[in-house]
Every structure is written in structure tokens, then in C-alpha cells.
Asker: 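The following block contains the structure, expressed as C-alpha cells.
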There are 2 protein chains.
Amino acid sequence: MSAEKSKRVTLADVAEASGMSKASVSLILNNRPGSRLSAAAVKRVREAAERLGYRPNVAAQSLRLGKTRTLGFISDQVTVTRFASAMITGILRAAADNDHTVLITETRGEPAELTKALDQLRQRDVDGLILGFMDSRLRDLPELPEDRPVVLVNSHDVQQHPSVMPDENAAGRQAVERLAQTGARTVALVGALRAAQSSPESYPGITRRFAALNQALDNSPLHLLGQWELEDWNPADGYVATTQLLAQGHRPDALICANDRVAMGAYQALAEHRLTPGADLSVISFDDEVIAGYLRPQLTTIALPYEQMGVRAVRSVLGQQEHSGEQLIDMPLIERQSVRD
Amino acid sequence: MSAEKSKRVTLADVAEASGMSKASVSLILNNRPGSRLSAAAVKRVREAAERLGYRPNVAAQSLRLGKTRTLGFISDQVTVTRFASAMITGILRAAADNDHTVLITETRGEPAELTKALDQLRQRDVDGLILGFMDSRLRDLPELPEDRPVVLVNSHDVQQHPSVMPDENAAGRQAVERLAQTGARTVALVGALRAAQSSPESYPGITRRFAALNQALDNSPLHLLGQWELEDWNPADGYVATTQLLAQGHRPDALICANDRVAMGAYQALAEHRLTPGADLSVISFDDEVIAGYLRPQLTTIALPYEQMGVRAVRSVLGQQEHSGEQLIDMPLIERQSVRD
DNA sequence: GTTTTGTGCTAAATCAATTTAGCAACGATC
DNA sequence: GATCGTTGCTAAATTGATTTAGCACAAAAC
């Protein structure tokens with residue numbers, strides 16, 4: 001209401017207003033068990049606190065308790081990637097639900113920035129640390145704080161900190177099953193990453209995705225026409241690979257694309273051959289970026305559940321959930337229009 | 001190095017190690033002018049601090065100084081939009097440059113969440129507040145803290161808080177000039193928003209964009225064939241409008257699209273008429289979303305400078321820059337392939 | 001009637017910093 | 001020789017919460 005020049009309301013103000021001591025007020029407002037204050041006192045204090053609009057000073061609490069009710073989130077990329085923001089949303093939501101706030105830092109993938117960020121968050125005394133990565137890989141991280149929980153999202157590290165990962169295995173199986181349902185017989189894989197082949201251990205996400213896909217295909221009625229490799233996972237690469245595939249005379253019943261950007265390129269190549277996804281053949285993909293909804297026909301894809309991963313990471317560091325090893329998160333199939341009936 | 005069970009190093013530890021008092025250590029480490037400590041003492045203290053790896057406890061500093069070196073950022077959307085993350089990047093960078101950290105909150109556009117976020121940040125005693133909006137509009141906000149600086153990004157409010165806005169006027173002029181350069185004579189505008197027409201004051205961003213465009217066209221040799229209105233600014237809408245425009249027999253030298261998603265739809269419609277942007281006609285657009293780079297040919301567009309706006313917002317609340325009225329940020333033309341020579 | 005137990009509450013210490021007022025020692029001034 | 005000024009440094013107060021140890025009084029037990 002009235003703003004006045006009033007300083008913030010402190011515990012002492014509430015104490016004075018209610019005729020109690022600071023100790024009593026603190027005890028009452030925090031519902032300390034075992035402290036036997038009269039019902040009348042409790043009522044007086046509660047009312048005074050309410051009336052004055054008392055809010056505890058977080059800095060003072062942190063100092064006294066050694067806890068800041070703050071989580072640190074270090075991301076390698078916030079801007080560039082289409083996913084970090086989804087992860088942040090999940091983290092913010094879960095943190096807010098647990099009365100925590102989140103300090104966010106960005107490293108642009110530079111190790112020096114990571115060290116700086118760690119130092120900064122350590123100094124701010126965060127209660128837990130979440131390290132988010134936009135591509136899945138085995139990392140060698142600098143020394144992390146040992147006195148508070150740490151969790152990695154979307155990567156592993158050599159020191160084997162707990163991690164939250166998308167369940168690529170199940171996703172691969174699901175993709176193949178979905179295509180098998182449509183009665184498809186032949187399928188082409190666009191495209192494994194050339195760089196990834198050479199060092200599978202450093203790209204576990206990518207490697208897993210293709211290993212899972214291959215294994216699922218082996219156990220299905222589908223016939224794999226081949227895998228078309230790419231330099232990178234961008235539309236231009238998908239376009240090149242798909243054009244090549246079609247030029248070789250292949251006419252698969254279904255295309256499995258490495259991700260949505262690759263699928264976007266594939267769409268362009270298919271259009272040039274007058275082939276329409278969802279009608280002439282099925283296209284299924286991974287990630288569920290925004291463009292998946294923009295493409296026509298809209299792209300059916302298996303989502304990277306970044307928001308859920310963020311939520312899970314928070315719960316993990318707050319000790320509300322298993323906090324060790326690798327925690328797998330389901331990748332949901334987003335059914336749109338690019339898979340035939 | 002050795003982690004030990006050691007508690008954190010405090011000022012008192014440094015004092016003891018250097019044989020000085022806490023007061024002296026504080027004075028020295030903060031370079032207080034006017035405090036005349038011997039060079040020898042300064043050296044001893046500095047060395048001890050370095051050796052022990054002393055980092056001040058932020059909570060204690062905040063409590064004592066009443067400043068938290070923390071900024072609050074409240075965004076209506078983090079996930080959904082393609083821009084919030086760019087803004088966050090700018091904010092994080094500028095904040096880090098000024099030794100501040102950022103607390104981020106998301107309201108999902110719900111007023112109740114906004115009130116909650118404000119309360120939370122007030123409680124955390126942020127030194128300044130940035131309110132970011134993903135669509136530009138006139139807002140009626142709840143009571144904001146009056147004792148610390150507040151700035152809005154990409155919106156105005158009825159209470160007239162300082163704001164940071166993209167310079168749509170200059171952008172409109174620039175778009176028209178660029179097309180005039182190519183020798184284009186006729187141009188079509190795809191598309192004004194039907195909803196916006198009815199209440200211009202509530203969509204200043206959109207309104208400005210079109211007002212600026214119209215005015216710039218009036219002062220140019222270009223002939224405006226017409227404006228095609230849309231329900232929304234999505235690819236499907238752009239497709240519909242462009243198809244309609246072409247069906248009416250128009251063959252403009254240039255298309256000005258409301259934003260990149262609309263342009264994406266326009267591309268599809270043009271492709272169906274065998275028209276190629278950058279060759280058969282020019283297409284220019286606004287926003288510079290990621291898809292602008294994915295389209296083929298790549299889309300020339302005038303960027304919404306969200307990162308710069310974030311940077312500016314931080315400088316504004318930190319008092320390093322004018323902190324009043326409306327601060328306009330340049331919208332840079334991102335030259336790609338969709339404008340003819 | 002004295003001791004014990006329990007009830008209701010509070011004074012004071014604590015967390016880790018910053019800052020003010022001022023002490024002690026020494027040389028300079030009158 | 002007393003006074004003053006300067007230099008180099010520190011004790012103690014302060015910030016706003018939490019928590020421990022314990023006080024004063026009343027009822028119960030012996």
C-alpha cells in the first residue's frame with residue numbers, strides 16, 4: 001500500500017509491533033517444533049507480520065544459515081541453441097516450486113569462461129550446481145565443488161558426476177516401430193555424422209541415436225537401404241544427402257532424419273522430386289525444434305525433452321530424487337503430418 | 001589444490017595469516033582511498049589473500065551494504081520465443097562485465113506470476129529490475145519497486161517507466177531504401193495484422209513497423225501494390241497471403257514481409273509459382289530468426305537486436321547510461337541472398 | 001515448605017563482511 | 001616541554017536473521 005520512504009520491514013519491526021522478542025518472532029514464523037509459545041502470541045506475531053508485510057531478508061538468512069536457496073546453472077550456450085531456453089524454463093519452474101532462485105551463466109563453450117563461472121557461483125554460495133550442455137559428449141571438466149551437489153545435463157564427464165540424459169535408445173526403437181506400423185518396407189537413414197564415426201566415445205548422444213536406430217531396424221521387418229553421412233546436421237547437409245540418395249535411384253517408404261534441420265533439407269530435396277512427406281513417403285525425425293511445426297506438411301519428430309531434463313536436474317540436486325549415475329528421460333513422439341497412415 | 005574439510009576462507013583468516021586486523025584487510029582489499037596503510041602491510045595482506053584463495057562472502061557483503069550485486073530479469077516467455085534467449089545472453093554478458101549476476105524469472109504472461117516474481121525478487125533485494133516482453137505493447141503493470149531502477153524492454157507501460165525499444169522507424173526506412181537501390185518499382189506488403197489495426201495503441205511495435213514502412217514508401221520511387229492482411233504472423237499465414245496476392249495477378253518486384261515466419265510461408269507460395277527470391281524478385285523481412293539462415297536462398301532480413309537491447313537494459317539500470325524515456329536500439333540489416341542486385 | 005518439573009519467553013552469540021571513531025607513537029611547532 | 005598534526009593501524013558497531021542457553025514464574029511432587 002503506502003510506499004513511504006520506509007526502509008524494509010525487519011524482524012525487529014515485527015517484534016516491536018507484536019510486543020515480542022525477535023527470538024520468539026523467528027521461532028513462530030518458522031514454525032519451529034518444540035518451541036512452546038502460547039497460541040495468543042503466535043496469533044499476535046502472525047498478524048503483525050502480515051500487517052507490516054514482513055519479508056525476511058535473504059542475505060541475512062543466507063549468512064546465518066550458510067544456505068542461499070539459490071541454484072547455479074551453467075550453460076555452454078544460451079543464445080545459439082534452440083534448446084537451452086527450454087531447459088531453462090524447466091529449471092526455473094522446478095526451482096520456483098521449491099522456493100529457490102536460479103543464477104544463470106553462459107560459457108560460450110570456452111573452458112576459461114567455465115572456470116570463471118564456477119568461481120562466481122562458488123562465491124555466491126549456490127546450494128547446487130547444474131551444468132547444461134547443448135551437445136552430448138564426454139567432458140573433461142575442471143575441479144567442481146565437492147561440498148555441494150552437481151549434476152550434468154546432456155553430457156557425461158570423466159569424473160562420473162550424476163547426469164540427466166535423454167533416452168535415445170527407447171526413442172530409436174519408437175521411431176522404427178512407428179514406421180513399421182505404417183507398413184513401410186524400406187527405409188533410408190539421413191544421416192550419420194562423419195566426424196562422430198571416428199570417435200564414438202566423444203559423441204555418446206549421436207552414437208547412441210544411431211546405434212539404437214540400427215539395432216531397432218535389425219529387429220524389425222524394415223529393410224535398411226543405407227545410411228547417408230553428413231558433414232553437419234544442418235538443412236543444407238540434409239538437402240545434399242537426400243538429393244544424392246534420390247539420384248541413386250532409391251525410393252524408400254520412409255526417411256529417418258538425424259534431426260529436424262536435416263529433415264528440413266530433406267523436404268526441399270523431396271519437393272524437387274515432387275515427393276510429398278506424409279503422402280508419398282514417411283519422414284520421421286528427432287529433436288522437435290520450432291521449425292518442425294513450420295514445415296509443410298508439419299514434421300513428425302521425437303522430441304528432446306529439455307524442459308523435463310531441466311526439471312529433473314533441479315530435483316536431483318535438491319535431493320528429491322535419485323542423485324547418482326545416469327538418469328534417463330523419455331523422448332516423446334510428437335505426432336504431426338509427415339508419417340503416412 | 002588440497003580440498004580438506006576446510007570451511008571457506010574468511011576475512012578473519014586473512015587477517016590472522018597476515019598479522020593485521022580485519023579492518024585493515026578490508027580497507028586494503030577494497031582499495032579504500034584515504035586509508036593510509038604502509039606499502040609493506042598492503043603487500044602482506046594481498047599475498048595472504050592470494051595464498052589462501054580468499055573470496056568475500058557475498059551474503060555478508062549484501063547484508064552489510066544493502067546491495068546484492070544482483071539484477072532481476074522477469075520475462076514473459078523464455079521458452080516459446082525465439083528471442084528471449086538472445087536477450088538473456090545480452091543481459092548476462094553485460095551483467096558479468098559489471099560484476100553482477102542475474103536472477104531470471106518467467107511469468108508465462110500471467111499477471112499472477114508477475115506479482116509473484118516481483119515479490120520474490122524484491123525479497124532477494126535485487127539492485128535493479130529488467131522486465132522483458134516478447135511482444136511489444138502498452139502494459140498496465142502492478143506496483144513496481146520505487147526504490148530501485150526498473151527498465152522495460154520491448155514494451156511501454158502506462159506508468160511510463162524507462163524503456164528500451166528497437167528502432168522500427170529507422171528499420172522501415174532502411175528496408176525501403178535497400179529495395180529502391182535494386183531498382184525495384186513495385187512492392188507488396190505481406191502483411192499487416194488484422195487484430196493490430198483495430199487497436200493500434202496496444203501494439204505499438206507492430207503499428208510502428210507498418211507506419212514506418214508506409215511513410216518510407218511514400219517518400220520513395222516505389223509503388224505500393226497493396227497490403228495483404230494476416231490473422232497471425234506464422235508461415236501458414238504468409239503462405240495464404242502470398243498465394244492470394246499472386247492469384248490476383250500481381251507480380252511485384254519486391255515483397256516486404258512482416259517477419260521471417262511470414263517470409264517462410266511466402267517462399268513456399270513463390271516456389272509453387274516458380275518464382276525464386278533473389279532472382280525473380282526481392283524478398284526482405286524482419287526479425288532475423290534462425291530460420292532466416294535455413295531458408296534457401298537465405299533470407300535478407302532486418303534483425304530485432306535483442307542481445308543489444310539486453311545489454312542496454314543492464315547499463316541503464318546500472319546507471320551507466322541514460323535511464324529515462326525511450327531508448328532506441330538500431331535494427332541492423334542482415335544482408336543475405338533474397339534481395340536482387 | 002522445600003524441591004522439582006514444566007511453561008513461556010528472551011538475551012546474547014553468531015554468521016562475514018564494512019566502516020567509524022579513535023588510539024598510540026612520533027616528529028614538528030611554538 | 002606542552003601542543004599539534006600526521007601516520008599507521010584497530011576495536012567495536014552494524015547489517016538482519018537464527019539458535020542456544022537460561023531466566024522467571026507457576027504448578028506439581030515430596
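In what follows, chains are A, B, ... by sequence order, proteins preceding strands, each numbered from 1. This one's a predicted model, so the numbers in the text were calculated from it and none came from an experiment.
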Asker: Which part of the nucleic acid, if any, lies within reach of B/Ser26 when heavy atoms closer than 4.0 Å are counted: base, sugar-phosphate only, or nothing?
Answerer: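 Base, at least one base atom sits under 4.0 Å.
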Asker: Any side-chain donor-acceptor pair under 3.5 Å between A/Gln120 and A/Thr105?
Answerer: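 Checked: A/Gln120/A/Thr105 side chains show no N/O donor-acceptor pair below 3.5 Å.
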Asker: Any carboxylate oxygen within less than 4.0 angstrom of a Lys/Arg side-chain nitrogen, looking at A/Asp99 and A/Arg69?
Answerer: yes
Asker: Would you please confirm or rule out a distance under 4.0 Å between OP1 or OP2 of C/dT18 and any side-chain N or O of B/Gln61?
Answerer: yes
Asker: Are B/Lys43 and B/Glu47 ion-paired here, with the side-chain N under 4.0 Å from a carboxylate O?
Answerer: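 Judged by the 4.0 Å cut-off on N to carboxylate O distance, B/Lys43 and B/Glu47 do form a salt bridge.
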Asker: Once rounded to the nearest 0.5 Å, what's the spacing between atom CG of A/Leu328 and atom CD of A/Glu326?
Answerer: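 Between A/Leu328 CG and A/Glu326 CD, I get 4.5 Å after rounding to 0.5 Å.
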Asker: Are the side chains of B/Leu29 and B/Tyr54 in contact, using a 4.5 Å heavy-atom criterion?
Answerer: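 When only atoms from C-beta onward are counted, B/Leu29 and B/Tyr54 do touch, with a gap below 4.5 Å.
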Asker: Once you round it to whole Å, what is the distance between P of C/dA16 and CD of B/Glu16?
Answerer: 14 Å
Asker: Under 4.0 Å between a Lys/Arg side-chain N and an Asp/Glu carboxylate O for B/Asp125 and B/Arg148?
Answerer: yes
Asker: Tell me: CZ of B/Arg124 to C1' of D/dG16, nearest whole Å?
Answerer: 15 Å
Asker: Angle, rounded to 10°, between the helical axes spanning five pairs at each terminus of the helix from C/dG1-D/dC30 to C/dC30-D/dG1?
Answerer: 80°
Asker: For B/Asp13 and C/dA16, give me the distance from atom CG to atom P, rounded to whole Å.
Answerer: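 These atoms are roughly 9 Å apart.
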Asker: Could you tell me whether the phosphate oxygens of C/dT19, OP1 or OP2, come under 4.0 Å of any side-chain nitrogen or oxygen in B/Arg32?
Answerer: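 The answer is yes; a side-chain N or O of B/Arg32 sits under 4.0 Å from OP1 or OP2.
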Asker: Check this for me: A/Gln321, atom CD, are more than 12 non-hydrogen atoms of other residues, nucleotides or ligands nearer than 6.0 Å?
Answerer: yes
Asker: Take atom CG of B/Leu11 and atom C1' of C/dT19, then tell me their distance rounded to the nearest Å.
Answerer: 12 Å
Asker: Rounded to whole angstroms, how far apart are CD1 on A/Ile28 and C1' on D/dA17?
Answerer: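 Atom CD1 in A/Ile28 sits about 15 Å away from atom C1' in D/dA17.
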Asker: Within a 6.0 Å radius of atom CD on A/Glu113, are there more than 12 heavy atoms belonging to other residues, nucleotides or ligands?
Answerer: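 It does: A/Glu113 CD has more than 12 such atoms within range.
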Asker: Whole Å only: how far is the CG atom of B/Asn31 from the P atom of C/dT18?
Answerer: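 The distance from CG of B/Asn31 to P of C/dT18 comes to 12 Å, rounded to the nearest Å.
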Asker: Whole Å only: how far is the CG atom of A/Leu63 from the C1' atom of C/dA16?
Answerer: 5 Å
Asker: Base contacts versus sugar-phosphate-only contacts with protein, heavy atoms under 4.0 Å: please encode nucleotides 5-11 of chain C as B, S and - from 5' to 3'.
Answerer: --BBBBB
Asker: For A/Leu65, which contact category applies under a 4.0 Å heavy-atom criterion: base, sugar-phosphate, or nothing?
Answerer: sugar-phosphate
Asker: C/dC15 phosphate, OP1 or OP2: any side-chain N/O from B/Asn57 under 4.0 angstrom?
Answerer: no
Asker: Would you please confirm or rule out a distance under 4.0 Å between OP1 or OP2 of C/dA17 and any side-chain N or O of B/Tyr54?
Answerer: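 Yes, because at least one side-chain N or O of B/Tyr54 sits under 4.0 Å from OP1 or OP2 of C/dA17.
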Asker: Given D/dG16, is OP1 or OP2 found less than 4.0 Å from the side-chain N or O atoms of A/Arg8?
Answerer: no
Asker: Taking B/Glu307 first and then B/Arg93, would you say they form a salt bridge - that is, a charged N and a carboxylate O separated by under 4.0 Å?
Answerer: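 So B/Glu307 pairs with B/Arg93 through a salt bridge.
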